[in-house]
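Chain letters run A, B, ... following the sequence lines, proteins first and then strands; every chain starts at 1.
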Amino acid sequence: MTKDRIYMDHSGTTPIDPLVLEAMMPFLTKNYANPSSIYAEGREVRTAIDGARQQVASALNAKSNNIIFTSGGTESDNLGILGSVFSLKEKNGHIITTTIEHPAVTRTVEFLGDHGYDTTFLPVNKFGQVELDVLADAIRDDTRLISIVYGNNEVGTVQDMKEIIKLAHERDVLVHTDAVQAVAKVPIDVKDIGVDLLSLSGHKIYGPKGIGALYVRDGLKITPLQHGGGHENKLRSGTENVPGVIGLGKAMEMGETGLTTEMPRVKAMRDRLLKGLMEAQEETYLNGHPEKRLPHNAHVRFSYIEGEALLLNLDMLGIAAATGSACSSKSLKASHVLLAIGLTPEQAHGSLRLTLGKNNTDEEIDNVLEAVPAIVKKLRAMSPLGHGGQ
Amino acid sequence: MYSKKVMDHFMNPRNVGEMENPDAIGEVGNPTCGDLMKMYLRIENNIIKDIKFQTFGCGAAIATSSMITELAMGKTLDEALELTRDDVADNLNGLPPVKMHCSNLSADALRAAIEDYKKKHH
Ligand SMILES: Cc1ncc(COP(=O)(O)O)c(C=O)c1O
């Protein structure tokens with residue numbers, strides 16, 4: 001990204017933090033030994049991996065033997081859901097997830113559905129929250145696992161995970177949470193919330209792409225999905241992505257401190273951005289929950305206009321953003337999350353997601369607050385709906 | 001993903017806006033995604049003297065609307081009826097395949113407007 005561009009798509013991905021890159025560099029260059037080798041160079045890399053595992057664990061208040069490194073959020077979701085379900089002695093039963101998951105969870109649960117399991121996709125309320133009584137009613141005697149996204153990647157809603165997990169455990173059901181977007185945005189203490197399995201990914205937290213981790217609580221067995229030389233405590237074979245692992249460790253450590261140093265500033269910018277957007281134009285609506293939302297996520301919709309057209313205009317002005325409009329998706333369907341919170345395809349059309357990061361500035365917020373309303377006005381003037389931008 | 005020509009018509013659409021007292025109006029929509037296109041015609045002696053559009057939709061929807069107004073302006077109604085979706089796409093130097101069907105509605109909107117006119121004047 002060149003300097004004059006304004007990047008506001010941090011839920012899409014993040015740049016690698018310079019300190020993360022610095023930590024990784026030796027392992028992309030001189031420290032190339034295989035950590036499984038017994039000679040000195042190999043042992044040195046093994047020690048570095050152990051350190052990174054401890055960094056990831058500490059950020060979650062876990063122990064390092066709870067952490068399995070994977071190739072990213074998608075693999076963590078697959079391993080967490082399939083690995084835990086396949087390790088149970090019953091080879092059938094019921095799986096619960098929601099209608100607002102990332103495809104890495106949705107497709108994985110559908111896969112279980114294709115292989116003899118019953119599945120329930122829980123609806124959410126208009127804020128994108130799973131309601132506890134709805135969840136309670138859905139749990140059956142043979143429910144094996146509940147998988148719920150901690151912080152939603154589109155509208156940013158953060159679930160009451162602790163209450164969800166308490167309810168599930170009262171009924172003896174395991175809980176996996178996809179915390180890819182929530183890690184390093186909201187404090188997460190796996191002991192406090194009591195979660196069984198938690199997925200995270202490097203590239204959403206200023207770490208590299210293609211690396212992630214799965215937290216598995218003490219005493220919980222999972223079945224490996226990737227077979228081979230028995231790496232990662234025999235749970236995920238394959239020579240370690242050493243630079244990735246080191247980068248993820250550093251990113252998790254920085255993310256944890258960033259919760260108190262960076263995040264309040266990011267949240268203040270986000271709050272100002274949301275307020276400004278809502279006030280600038282009539283018929284602008286917030287998507288997601290007003291308070292229980294990821295602190296970097298601004299998600300709004302403008303009536304009478306379409307998101308791809310808005311994005312292209314923003315792009316021309318040097319601003320990178322996202323939308324849930326059908327027109328910008330490969331499937332040409334409106335975002336399943338926006339439909340799940342009760343929007344019609346027409347309403348979903350005009351959605352804009354701006355996700356901020358620690359490199360954004362107040363000046364950039366000013367620029368976006370100038371650009372977006374002007375574009376909305378221009379597009380509304382072209383629209384046959386509404387009152388043409390007045 | 002979009003050609004230069006598409007981007008030009010999208011960023012600087014020709015003949016956009018509402019027309020006062022048009023001789024005919026055509027409106028088409030795509031119910032699955034929500035796109036909506038409205039075409040206004042001023043007609044004298046069976047010739048399209050003026051044409052305007054309003055569109056609720058993506059970049060391609062806006063660009064194809066703009067393009068058809070250029071293609072139709074000054075044509076007789078019979079000539080204008082011959083304009084197809086492919087003519088619009090070709091004159092824009094192509095559209096991404098996924099957009100060919102969903103957003104390329106402007107030829108249909110023009111046809112709807114001409115049919116509206118013919119209905120009123122028979
Ligand atoms: C909520 C959520 N889960 C999973 C993923 C997938 O992570 P990765 O890209 O590391 O496979 C993403 C990334 O878009 C995400 O936002």
Side-chain angles (χ1 to χ4, degrees), chain A residues 281 283 285 301-336 338-339 342-352 371 374-390, chain B residues 1-20 22 25-40 52-69 95-106 109 112-113:
Chain A
Q281 288 284 334
E283 299 190 68
Y285 306 92
R301 70 181 171 83
F302 305 97
S303 300
Y304 317 129
I305 66 164
E306 190 282 320
E308 189 217 65
L310 177 56
L311 250 53
L312 288 169
N313 272 283
L314 284 169
D315 187 32
M316 300 290 270
L317 295 177
I319 300 166
T323 176
S325 162
C327 307
S328 71
S329 73
K330 275 179 246 154
S331 64
L332 296 178
K333 289 206 188 91
S335 138
H336 66 287
L338 298 181
L339 298 179
L343 301 188
T344 63
E346 289 83 358
Q347 290 171 327
H349 239 25
S351 292
L352 174 68
I375 296 167
V376 170
K377 201 160 172 211
K378 171 181 154 184
L379 291 174
R380 280 185 177 171
M382 292 186 205
S383 173
L385 299 172
H387 25 254
Q390 273 114 62
Chain B
M1 97 194 215
Y2 287 138
S3 70
K4 275 215 178 81
K5 194 106 180 253
V6 172
M7 283 309 287
D8 176 40
H9 275 266
F10 163 58
M11 290 303 287
N12 311 295
R14 331 292 198 254
N15 306 305
V16 64
E18 204 171 341
M19 185 185 286
E20 281 189 23
I25 299 180
E27 191 172 309
V28 295
N30 178 334
T32 41
C33 75
D35 274 4
L36 197 65
M37 232 175 244
K38 211 163 171 180
M39 215 48 79
Y40 304 87
K52 288 199 148 209
F53 80 89
Q54 287 182 306
T55 291
F56 167 51
C58 67
I62 291 170
T64 54
S65 308
S66 167
M67 188 40 129
I68 199 121
T69 64
L95 282 174
V98 318
K99 299 282 186 180
M100 277 303 281
H101 294 291
C102 77
S103 310
N104 196 356
L105 296 172
S106 65

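- B/Lys99 touches chain A through its side chain: at least one heavy atom from C-beta onward sits under 4.5 Å away, while N, CA, C and O do not.
- Only the side chain of B/Val16 comes within contact range of chain A, with at least one heavy atom under 4.5 Å from a heavy atom of that chain.
- Of the atoms belonging to B/Ala61, not a single heavy atom falls under 4.5 Å from chain A.
- Nearest heavy atoms, A/Lys378 versus B/Met11: NZ-O, 3.3 Å.
- Here the CG atom belonging to A/Leu379 is positioned 10.5 Å from the CZ atom belonging to B/Phe56, to the nearest 0.5 angstrom.
- Taken from CG in A/Asp315 to CE in B/Met7, the straight-line distance is 7.0 Å, to the nearest 0.5 Å.
- A 6.0 Å sphere centred on NZ of A/Lys333 holds no more than 12 heavy atoms belonging to other residues, nucleotides or ligands.
- Between B/Thr55 and A/Met382, every side-chain heavy-atom pair lies at or beyond the 4.5 Å cut-off.
- A distance-only check finds a donor-acceptor pair linking the side chain of A/Glu308 to the backbone of B/Gly59 [under 3.5 Å].
- Chosen from B/Gly17, B/Cys58, B/Pro13, the residue pairing most often with chain A at heavy-atom distances under 4.5 Å is B/Cys58.
- Interface remark: B/Ile62 contributes side-chain atoms only to the contact with chain A (heavy atom separation under 4.5 Å).
- In summary, of the residues considered (B/Glu18, B/Gln54, B/Met37), a side-chain contact (heavy atoms from CB on, under 4.5 Å) with A/Pro384 occurs for B/Gln54 alone.
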